[in-house]
> 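Have a look at this one.
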Amino acid sequence: MQKRIFLTGTALAALSLVAPAVMAQADVFKIGLILPMTGQQATTGRQIEAAAKLYMAQNGDMIAGKKVQLIVKDDTSIPDVTKRMAQELVVNEKVNVLAGMGITPSALATAAIATQSKTPLVVMAAATSSITQASPYVVRTSFTLPQASVSLADWAPKNGIKKVVTLVSDYGPGIDAEKYFKERLTFNGGQVTESLRVPLRNPDFAPFLQKVRDLKPDALFVFVPSGAGTAVMKQFLERGMDKAGIKLIGTGDVTDDDLLNDMGDGALGVVTSHHYSAAHPSAMNKKFVEAFKKANNNLRPNFMAVGGYDGMRVIYEALKATKGQGGGDALLAAMKGQIFESPRGPMFIDAQTRDVVQNIYLRKVERKDGQLYNVEFDVIKDVKDPGKAK
Ligand code: PHB
C-alpha cells in the first residue's frame, strides 16, 4: 500500500515535470518558413520574412488557442538544402505547415516531402505553373509566369509591338514565360523572332543583348527572377538599346519594387505586367506599404513580400477554421477556396488547382513623389493560371 502510494507520487511528480513540455508542444502551431536569406536570391528571403513577421505583428500570435511559431531557415536557394531543411522541420520540429520556397527548384525538391508527411506547403514565391501539380499539398500565394506573360502578349501588338525577341532565365519560370508569351503573341498576329536563354546563376547579359541589338526587334521581352532586374536594365541602357528604338518589356519581376527606385531614369516608361505594385491604389495597400516600411527601415515591399503576407493569411485562416485541432489534411481543405482582399487586390485560392487566381495589371514605370514606381494603367481581372488549361 505504502509502496503504491509512493510510486504514484513519483509518477505524478515525473508527470508534472514532463507535462509542461508536452503541453507546450501540443499548444504550439509551427510554420517552417524556408527562404533564401543569403546568396543570389537573398532579397526574396528578406522581403518574405519581413512580410510574415509584419502579418504576425498585426494579427497576433495566439490563434484558436495555439501559439503560432515561425521557424525561419536559410536554404541559400540550393534545392538540396531546401529539401533537407524541410525534412528536418517535418521530422524533428513537427511543423504543421511548410512555407516559403524562393525559387522553383526549391519548391519542386520539397513537394514529395509535403506529400509523404501530409503537410501543407504554402508556396509564397516560386512561380512555375507546374509546381501545384508536383504535390496535392501545395497551395500557392505568389503568381504564375503564364498569368503575367499572356496578359503582356495581349497588350503588346495593340501598342505597336509586333516583332519581339525574348530573353529569359533558363529554368522553369523563364521557360514558362517564353512559351506563353510567344504562343499568345503569335496568336495575336505578332512574332517572336528569336528566343534567348541566360543561365540562372551569375548571368552575363552582355553577349545576349548585343545579339538583340543586331536583331533590332520592336521590343525585348525579359523575365529574370526577382533581384536580377537591375543588371538587365543597366546593360540594356549601357548598350543604348532604348536609343536604337528597342523597347524593354517584361514581367514585373524585372522592375521589382525592391530594386526599381535605384534603377534610375533609364527605367522610365518600361511597361511590365504583374500582380503587384507597391503603387497599387487601394486603401489596404497604402496601409500595407506604410506598415512594411515602418517596420523595415523604409524598405519598400515588393511582390515577394505580398506573397508572404497573403501566405500567412491563408495559414492563419486555416488554423482558425479548423479551431486549432486540424491535421495536415484539414488545414489543406481550409486553405482551398479562400477568397479575400490582398494588398495586390482581390484574390482567391482555386479549390481545384490550389493555385492563385488574381488580377494582372499592366504598369508603366513613372516618377511619383520623386520616386520610381510601377504605375498601373490597365487591369485584366481574375486571371487563372493559363498553364492549367493544357
Ligand atoms: C521561381 O524560381 O519560380 C521564381 C523566382 C523569382 C521570380 C519568379 C519566379 O521573380
Side-chain angles (χ1 to χ4, degrees), residues 34-37 39-49 51 75-83 99-111 121-135 138-152 166-181 197-201 203 221-233 250-260 272-278 301-308 310-311 344 355-356 358 360 363 374 385 387:
I34 311 176
L35 294 169
M37 301 305 301
Q40 196 173 299
Q41 250 60 47
T43 56
T44 295
R46 169 176 74 169
Q47 288 273 348
I48 294 182
E49 182 187 28
D75 67 3
T76 68
S77 83
I78 307 290
D80 283 347
V81 179
T82 322
K83 185 177 175 180
M101 308 292 119
I103 55 169
T104 289
S106 292
L108 293 178
T110 307
L121 172 59
V122 178
V123 173
M124 297 168 161
T128 301
S129 174
S130 65
I131 291 171
T132 43
Q133 283 143 334
S135 164
V138 167
V139 169
R140 172 156 40 201
T141 58
S142 52
F143 76 110
T144 77
L145 265 306
Q147 273 179 333
S149 307
V150 159
S151 304
L152 192 62
T166 60
L167 175 67
V168 302
S169 291
D170 190 6
Y171 77 120
I175 292 161
D176 268 2
E178 177 191 285
K179 175 173 186 273
Y180 284 85
F181 182 83
R197 296 180 182 177
V198 291
L200 169 64
R201 310 273 174 201
F221 166 86
V222 178
F223 163 79
V224 289
S226 184
T230 308
V232 178
M233 186 69 74
T251 60
D253 309 74
V254 181
T255 54
D256 181 348
D257 269 302
D258 189 271
L259 309 167
L260 177 61
T272 55
S273 54
H274 231 206
H275 56 294
Y276 179 68
S277 163
N302 71 357
F303 64 98
M304 293 299 186
V306 140
D310 295 332
R344 71 186 86 180
D355 220 335
V356 53
Q358 59 192 336
I360 296 294
R363 316 97 46 86
N374 294 296
D385 172 32

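Hydrogens, waters and symmetry mates play no part in the numbers below; they use all other heavy atoms, side chains included. Order of appearance sets the numbers: ligands from 1, and atoms from 1 within every ligand.
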> Pull out every atom of ligand 1 sitting under 4.0 Å from any heavy atom of A126, numbered as shown with elements.
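Reading through ligand 1 atom by atom, the close ones are 1 (C), 3 (O).
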> Can a donor-acceptor pair be found, under 3.5 Å and without considering hydrogens, that links the side chain of T132 to the backbone of V138?
no
> Examine the side chains of R201 and S77 and answer whether a donor and an acceptor come within less than 3.5 Å of each other.
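Checked: R201/S77 side chains pair up, N/O donor to acceptor below 3.5 Å.
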> Without hydrogens or angle criteria, can the side chains of N374 and T255 be said to hold a donor-acceptor pair below 3.5 Å?
yes
> Looking at E178 and D170, would you say the former's side chain and the latter's main chain have a donor-acceptor pair under 3.5 Å?
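Here the side-chain-to-backbone pair does not exist.
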> Where is the nearest protein heavy atom to atom 3 (O) of ligand 1: which residue, which atom, and how far?
T104 OG1, 2.5 Å
> Would you tell me which option among D253, I103, T128 has the nearest heavy-atom contact to atom 10 (O) of ligand 1?
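Of the listed residues, D253 has the closest heavy atom.
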> Considering heavy atoms of the protein only, find what lies nearest to atom 4 (C) of ligand 1 and give residue, atom and distance to 0.1 Å.
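That would be Y171 OH, 3.5 Å.
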> Pick one of side chain, backbone, both or neither for how Q41 approaches ligand 1, counting any non-hydrogen atom pair under 4.0 Å.
neither
> I'd like to check which ligand 1 atoms, numbered from 1 as shown, lie under 4.0 Å from a non-hydrogen atom of M304.
6 (C), 7 (C), 10 (O)
> Please identify each residue that fulfils ring pair (Phe, Tyr, Trp, His ring centres under 6.0 Å) with F303, with sequence neighbours left out.
F143, H274, H275
> Which of the atoms of ligand 1 are close to P225, meaning less than 4.0 Å from one of its heavy atoms?
5 (C), 6 (C), 7 (C), 10 (O)
> Polar-atom distance check: P105 versus ligand 1, any N or O pair below 3.5 Å?
no
> Mind checking side chain to side chain contact (heavy atoms under 4.5 Å, CB included) for A42 and listing every partner two or more places apart, or none if nothing turns up?
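None.
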> I need the contact type for P173 against ligand 1. Using non-hydrogen atoms and a strict under-4.0 Å cut-off, is it side chain, backbone, both or neither?
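Near ligand 1, P173 shows its side chain, while the N, CA, C and O stay back.
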> Taking L200's backbone N and O only, do any of them form a donor-acceptor pair with Q40's side chain (distance below 3.5 Å, no angle check)?
yes
> Going by the atom numbers of ligand 1, which of them fall below 4.0 Å from some non-hydrogen atom of F303?
10 (O)
